[in-house]
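To start, the structure under review is shown below, and the notes come after it.
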Amino acid sequence: MSLSKVIAIDGPSGSGKSTIAKKLAETLGVLYIDTGAMFRSLAYTCDQRNIPMVSGPEIQNFLNSIQLDYGKSSDFLIGIDGVNLTDKIREHSVSKLASIVSQVPEVREYLLHFQRELASRVVCVMEGRDIGTVVFPDAFCKFFVTASVEIRSERRLNQLKEAGTGDMTLEQVMKDVQKRDDSDMNREVAPLKQAEDAALVDTSDMELNEVLKELTGTVQSKAEGNGIHL
Ligand code: DC
């Protein structure tokens with residue numbers, strides 16, 4: 001059986017998986033695909049157009065009617081109906097909306113096909129919550145990246161401070177992180193969980209370069225073992 005040429009990176013928010021996935025793709029010279037950005041774009045646009053983020057015909061019609069673009073250029077990572085959403089979707093308010101829209105089965109089904117189509121012909125690093133379990137269970141290489149709640153909350157607080165919106169306390173951020181973990185791990189469709197064949201990477205006490213070195217080595221030996229050219 002031939003395996004998908006996908007390097008799947010899943011894990012909770014704040015685990016450092018985005019930074020790792022981006023750097024890993026850069027190091028290997030392959031495409032980087034951020035699936036969280038897709039959920040964020042759909043959530044943002046539903047909110048703008050007053051589409052209720054619940055299962056039903058309204059959201060299905062919305063999904064049938066839109067043109068979702070991914071990776072047009074470095075400035076246009078993601079957009080819907082020609083509108084570039086690359087920066088807009090990073091706002092704090094969109095994180096909550098994305099968590100809500102990600103629970104709608106029609107949305108997950110739509111993005112499942114979109115993601116499979118996008119990665120069908122190329123080697124890529126795809127980052128998300130359900131890539132190794134649902135989207136590409138046959139990915140040739142899988143990682144589950146995590147870190148303790150405390151560390152992830154500290155990282156999130158630092159990000160908020162850097163963005164100039166850091167007036168929350170560590171306790172408040174920790175509550176938010178736990179709430180998001182809870183909804184990501186306990187939703188009915190495609191919950192966040194480690195695939196049985198995914199390597200666990202705990203970044204709590206590791207430097208980025210250390211993690212990258214470990215992951216690059218694993219990818220290269222798996223690619224070699226499976227006859228995949230990077
Ligand atoms: O990784 P992120 O914070 O950009 O993700 C935004 C939201 O989308 C988050 O609540 C989890 C959800 N998500 C998901 O359910 N499945 C994915 N493959 C990626 C993200």
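We find the CG-CE distance between Asp176 and Met168 to be 4.5 Å, quoted to the nearest 0.5 Å. Rounding to the nearest 0.5 Å gives a distance of 13.0 Å between CD of Glu214 and CG of Asn209. Here the CE-CD distance, from Met174 to Glu150, works out to 5.5 Å after rounding to the nearest 0.5 Å. Here the CZ atom belonging to Arg187 is positioned 7.0 Å from the CG atom belonging to Leu192, to the nearest 0.5 angstrom. Taking CD1 of Ile131 as the start and CD1 of Ile9 as the end, the distance is 10.5 Å to the nearest 0.5 Å. Note: Ile228 CD1 to Gln220 CD = 13.0 Å, rounded to the nearest 0.5 Å.
Not a single donor-acceptor pair under 3.5 Å links the side chain of Arg156 to the backbone N or O of Val177. Between the side chain of Thr45 and the main chain of Leu42, no donor-acceptor pair closer than 3.5 Å is present. For Asp130 (side chain) and Thr133 (main-chain N/O), no donor-acceptor pair under 3.5 Å exists by modelled atom type. Put simply, the side chain of Arg108 gets close to the backbone of Ser102: a donor and an acceptor are under 3.5 Å apart. Between the Ser204 side chain and the Ser148 main chain, a donor and an acceptor come within less than 3.5 Å of each other. A donor-acceptor pair under 3.5 Å is formed between the side chain of Ser41 and the backbone N or O of Ala37.
What you find for Arg155 and Gly16 is that their closest heavy atoms are NH1-N, 3.9 Å. In this structure, Pro137 and Asp197 approach most closely via the heavy-atom pair O-OD2, 4.4 Å. Residues Pro12 and Val145 come closest through the heavy atom pair CD-O, 3.3 Å. Between Val6 and Ala119 the shortest heavy-atom distance is CG2-CB, 4.1 Å. Shortest non-hydrogen contact noted between Asp81 and Arg49 is OD2-NH2, 2.8 Å. Residue Lys222 comes nearest to Phe140 through the heavy atom pair CD-O, 3.4 Å, listed as atom of the first residue, atom of the second, then distance.
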Practice item. Output, in order, the C-alpha distance, side-chain angles, deciding distance and verdict of side chain to side chain contact (heavy atoms under 4.5 Å, CB included) for Glu154 and Leu157. Key: CA-CA 5 Å; Glu154 273 170 27; Leu157 185 60; 5.7 Å; no

Point to revise | Stepwise salt bridge (charged side-chain N to carboxylate O under 4.0 Å, His left out) check, Asp202 with Lys17 | key: CA-CA 10 Å; Asp202 188 332; Lys17 70 177 185 313; over 6 Å; no

Review point. Going through the distances and angles, do Lys142 and Asp10 end up as a salt bridge (charged side-chain N to carboxylate O under 4.0 Å, His left out)?
Key: CA-CA 8 Å; Lys142 300 179 188 179; Asp10 293 305; over 6 Å; no

Point to revise | Working for side chain to side chain contact (heavy atoms under 4.5 Å, CB included), residues Asp34 and Tyr70 | key: CA-CA 9 Å; Asp34 172 6; Tyr70 186 89; 3.7 Å; yes

Exercise for review: Could you walk me through whether Ser55 and Gln60 pass side chain to side chain contact (heavy atoms under 4.5 Å, CB included), step by step?
Suggested key: CA-CA 8 Å; Ser55 178; Gln60 188 60 63; over 6 Å; no

Check your understanding: Given Glu109 and Glu106, is the side chain to side chain contact (heavy atoms under 4.5 Å, CB included) satisfied, shown in steps?
Key -> CA-CA 5 Å; Glu109 183 70 15; Glu106 289 90 335; 5.7 Å; no

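With 3.5 Å as the limit, one finds a donor-acceptor pair spanning the side chains of Gln67 and Asp69. Glu117 and His113 share no donor-acceptor pair across their side chains, judged by distance under 3.5 Å alone. For the residue pair Ser99 and Ser183, a side-chain donor N or O sits within less than 3.5 Å of a side-chain acceptor on the partner. Side-chain atoms of Asn158 and Glu162 form no donor-acceptor pair, as typed in the model, at a separation below 3.5 Å.
Connection of Ile89 to Tyr32 is not established within any shared hydrophobic cluster, with ILVMFWY side chains joined at heavy-atom distances below 4.5 Å, either directly or through further cluster members. In terms of hydrophobic clustering, with Ile, Leu, Val, Met, Phe, Trp and Tyr side chains grouped at heavy-atom distances under 4.5 Å, Val219 and Val211 are assigned to a common cluster. Phe114 and Phe76 fall into different hydrophobic clusters, where Ile, Leu, Val, Met, Phe, Trp and Tyr residues are linked whenever their side-chain heavy atoms come under 4.5 Å apart, directly or through other members. Under the 4.5 Å side-chain heavy-atom criterion for ILVMFWY residues, a single connected hydrophobic cluster contains both Phe62 and Met53. Under a hydrophobic clustering in which Ile, Leu, Val, Met, Phe, Trp and Tyr are joined whenever their side-chain heavy atoms come within less than 4.5 Å, directly or via other members, Tyr110 and Ile100 fall into the same cluster.
Val135 pairs in a side-chain contact (heavy atoms from CB on, under 4.5 Å) with only one of the listed residues (Thr35, Leu111, Leu112), which is Leu112.
For Arg90 and Asp87, the salt-bridge test fails: no basic side-chain N is under 4.0 Å from an acidic carboxylate O. Between Asp181 and Arg152 there is a salt bridge, since a side-chain N of the basic residue sits under 4.0 Å from a carboxylate O of the acidic one.
The shortest side-chain heavy-atom distance between Pro191 and Asn186 does not fall under the 4.5 Å cut-off. Counting heavy atoms from C-beta on, the side chains of Leu85 and Gln48 never come closer than 4.5 Å. For the pair Val149 and Gln178, the minimum side-chain heavy-atom distance is below 4.5 Å. Within the 4.5 Å cutoff, the side chain of Leu97 has no heavy atoms near those of the Tyr44 side chain. Side-chain contact between Ile78 and Met38 is present, with heavy atoms from C-beta onward closer than 4.5 Å. Inter-residue side-chain proximity for Thr203 and Thr146 is flagged as unmet; no heavy-atom pair is nearer than 4.5 Å. Residues Leu24 and Glu127 have side chains not in contact (no heavy-atom distance under 4.5 Å, counting atoms from C-beta outward). Annotation: side chain of Val125 is not in contact with side chain of Leu31 (no heavy-atom distance under 4.5 Å).
Other residues, nucleotides and ligands contribute more than 12 heavy atoms inside 6.0 Å of the CD atom of Glu210.
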